Amino acid sequence: MATAIQPTRRPVRDWLLDDAAQRGAEHPGPHTAPAHEAHRRPWWKVMCLTGVDYFSTLGYQPGIAALAAGVISPLATLVLVALTLLGALPVYRRVARESPHGEGSIAMLERLLPFWRGKLFVLVLLGFAATDFLITMTLSAADATAHIVENPHVPHLLDDHRVLITLGLLALLGAVFLRGFSEAIGVAVGLVGVYLGLNLVVVVVGAWEIATHGSVVTDWTTALTTQHSNPLMAIAVALIVFPRLALGLSGFETGVAVMPLVQGDPGDTEERPTGRIRDTRKLLTTAALIMSGYLVATSFLTTLLIPQQEFADGGEANGRALAYLAHEHLGSGFGTVYDVSTIAILWFAGASAMAGLLNLIPRYLPRYGMAPRWARATRPMVLVLTAIAFVVTWLFDADVDAQGGAYATGVLVLITSASVAVTLSARRAGQRNQTIGFGVIAAVFVYTTVVNVVERPDGLKIGALFIAGIIAVSVTSRLSRSFELRVTDVGFDETAQLFLRDCARRTLRLVANEPGPGDEEEYRAKLEATTREHDLRDGDVLFVEVEVTDPSDFEGSLQVHGHVVHGQYRVLRVQSSSVPNALAALLLEARDLTGATPHVYFEWTEGNPFANFARFLLLGAGEVAPVTREVLREAEPDRDRRPHVHVG
């Protein structure tokens, strides 16, 4: 009697890959399957979850805006707010309607652009999305460090160790995820509520300072007219420089990503989540209005109340403008509370970004066959992402201002792609006015993105590195996994089952036939050639035909249909992204259904074998016979149970 082989225990490996089975390719991403009703929350609570990313930018956005635009910062901020409410918000309200399960604009473009060009476009967008989320982690950690070392109660000797402190915060973030982290909406609600409340106090006190010291307004208008004597020129300059403030547009992609957590109506279904769509649009609108109000108010306050030199590198307001006002006008005690609140929400913003990456990458790459098997597990991904964050922090020397351009590039590319997606969607739906409107918005975002890239190319460089890395890993993984079975389920209709059971009573023989004109001569000639070359006594065979659909798809289910053609030839027909993998899956399922080991008969493919293998990789056909045999060998290690492959 054979002894069962006990699997070798590898404690570290088993711990790292603990959740790989739950995050397999058939469920790419934690939001793909419907969220359990108990995990859903009212829209305003979910808004706080996305708000830890969106609202936390108040920690550094006013300072970066003042540094980038100077005295014209309030006007440039007004332009940014107009673009937020009249551009980004309408775009993402439509994305929420058309992508209600959290896939976002990338999935919309994936559906609009099929085949390999769609996959390549998604990989490029994933590169910029990775830039957005990863720089969110490093920028938030760097700004949290700035709030730590600039606090008057913290020893000044820490000022020389910003990189180490930032790396420590990132290491803590990675450690939390390695242990097991779930986005706690309750924690997010508390953090956002306290943070917005403290900022409201700072805004009210700052407004009172301006109201009681009218000279600050006079000083600002004097500086404004001195630098820009013509009001139209001032507005023109604001239109030119506002792309530097694009950090204030973050949060929309995250807003649609958390849609599965929105409660909606009791009558909602996964097919028609009407209430969830409505409430998500409320979430997006409310978050945009809150953030717009704070952006305008804080831009005016920081520009009028903080000396310009304090925004520069080494200044007390660099990366922490509102904290500077809190300490300056409300005292050290309130300022310290504000610092602690800011550090907490910035760290949680990094956690939200990490969770976003862990959700985004498994949603696409494993489904494309473009990720190593370990990428389905959380912990290896956490280690990789934390290591990349360490490198980015070291390269940027934990400098908030230096990372602003890279962050803005990631944000703008995602919003631009979303505006293009909804424009194409409106055009396909025949909505002329909406197509024109969204087209104008897309053009504005294209301009904003181009200006940002030209002025601050770091974001494009980092995005290009991420894209190159993702494509390299994707190509390598796709090549290494080419011989996997790649079929999640096989179903036979009644006719196909009847054919298989009837043939299994004798010898189950299948002949692979490349679909041709479908006339009687095609099947007669194929049958004669097969019986002659393989010395078969009779023509008791089933033809199998695979129609290649989208060869860029990696896996899917098979539905096998049986047909009788020309009154005498029995044919099994199936659609798949790959001929060899579909044939291998069909043979194995036919064996399990009938209990008989099938035989399959091929002809050798004419032409250069390397060219034919390339055709298999890119077009799903080509070198069919040897690849089918290799897929069967990997899928069924027992030679006695493996279907037999014959080639003539």
Side-chain angles (χ1 to χ4, degrees), residues 114-115 487 490-551 553 556-587 589-590 593-594 596 598-609 611-616 618-629 631 643-648:
F115 300 104
V487 173
V490 181
F492 297 96
D493 67 7
E494 292 185 7
T495 305
Q497 292 185 44
L498 180 64
F499 289 169
L500 291 170
R501 289 196 172 98
D502 176 61
C503 289
R505 290 183 296 180
R506 298 174 295 279
T507 301
L508 183 54
R509 299 190 179 102
L510 297 93
V511 176
N513 182 49
E514 184 176 358
D519 55 18
E520 187 172 358
E521 176 61 22
E522 174 189 342
Y523 294 99
R524 185 192 64 77
K526 184 73 173 182
L527 182 59
E528 286 183 358
T530 302
T531 55
R532 181 179 64 254
E533 292 174 5
H534 297 283
D535 195 25
L536 301 180
R537 296 190 182 93
D538 54 49
D540 185 21
V541 300
L542 298 176
F543 290 97
V544 183
E545 297 176 351
V546 180
E547 177 188 353
V548 178
T549 51
D550 183 351
D553 288 340
S557 61
L558 295 182
Q559 293 300 319
V560 185
H561 302 279
H563 301 270
V564 177
V565 298
H566 305 296
Q568 55 180 320
Y569 303 109
R570 294 172 295 179
V571 183
L572 300 178
R573 288 175 175 160
V574 65
Q575 292 183 330
S576 176
S577 61
S578 169
V579 174
N581 307 79
L583 290 174
L586 188 152
L587 291 167
E589 190 68 19
L593 178 68
T594 63
H599 296 252
V600 62
Y601 299 87
F602 294 96
E603 291 181 2
W604 284 114
T605 306
E606 294 293 328
N608 185 290
N612 284 328
F613 186 66
R615 285 181 58 213
F616 158 67
L618 296 175
L619 303 176
E623 202 67 76
V624 176
V627 175
T628 302
R629 191 262 176 191
V631 174
H644 304 287
V645 177
H646 307 267
V647 189

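Small disclaimer: the values here were computed from a predicted structure and weren't measured.
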Does the side chain of [Y] come within less than 4.5 Å of [X]'s, by heavy atoms?
X: V541; Y: T530; answer: no
X: V544; Y: V600; answer: no
X: F499; Y: V564; answer: yes
X: V571; Y: Y523; answer: yes
X: D540; Y: C503; answer: yes
X: F602; Y: H646; answer: no
X: E522; Y: D519; answer: yes
X: H563; Y: Y569; answer: no

Could you state the interatomic distance from [atom1] ([X]) to [atom2] ([Y]), rounded to the nearest 0.5 Å?
X: L508; Y: R506; atom1: CG; atom2: CZ; answer: 10.0 Å
X: Q559; Y: D493; atom1: CD; atom2: CG; answer: 8.5 Å
X: L536; Y: R509; atom1: CG; atom2: CZ; answer: 5.0 Å
X: H644; Y: H599; atom1: NE2; atom2: NE2; answer: 4.5 Å
X: L572; Y: H561; atom1: CG; atom2: NE2; answer: 11.0 Å
X: L527; Y: R532; atom1: CG; atom2: CZ; answer: 10.5 Å

Taking [X] for its side chain and [Y] for its backbone only, find out whether a donor-acceptor pair lies under 3.5 Å.
X: E589; Y: A585; answer: no
X: H566; Y: E520; answer: yes
X: E545; Y: N513; answer: no

Side-chain atoms of residues 575-584: list all donor-acceptor pairs with protein atoms under 3.5 Å, sequence neighbours left out, distances to 0.1 Å.
{"from": "Q575", "atom 1": "NE2", "to": "E547", "atom 2": "OE1", "distance (Å)": "3.0"}
{"from": "S576", "atom 1": "OG", "to": "S578", "atom 2": "N", "distance (Å)": "3.3"}
{"from": "S576", "atom 1": "OG", "to": "S578", "atom 2": "O", "distance (Å)": "3.3"}
{"from": "S577", "atom 1": "OG", "to": "D553", "atom 2": "O", "distance (Å)": "3.1"}
{"from": "S578", "atom 1": "OG", "to": "N581", "atom 2": "OD1", "distance (Å)": "2.3"}
{"from": "N581", "atom 1": "ND2", "to": "S482", "atom 2": "O", "distance (Å)": "3.3"}
{"from": "N581", "atom 1": "ND2", "to": "E484", "atom 2": "O", "distance (Å)": "2.6"}

Passes side chain to side chain contact (heavy atoms under 4.5 Å, CB included), V565 versus R570? Steps please. CA-CA 7 Å; V565 298; R570 294 172 295 179; over 6 Å; no
So for atom CD, which belongs to Q568, do other residues, nucleotides or ligands contribute more than 12 heavy atoms lying within a distance under 6.0 Å? yes
Look at atom CD of E521 and say whether more than 12 heavy atoms of other residues, nucleotides or ligands are closer to it than 6.0 Å. yes
E623 and V627: which non-hydrogen atoms are nearest, and at how many Å? O-CG2, 2.9 Å
If you take all heavy atoms of A590 and F492, which pair is closest and at what distance? N-CZ, 4.1 Å
Of all residues at least two apart in sequence or in a different chain, which pass the ring-ring contact (aromatic ring centres under 6.0 Å, His included) check with H534? Y601
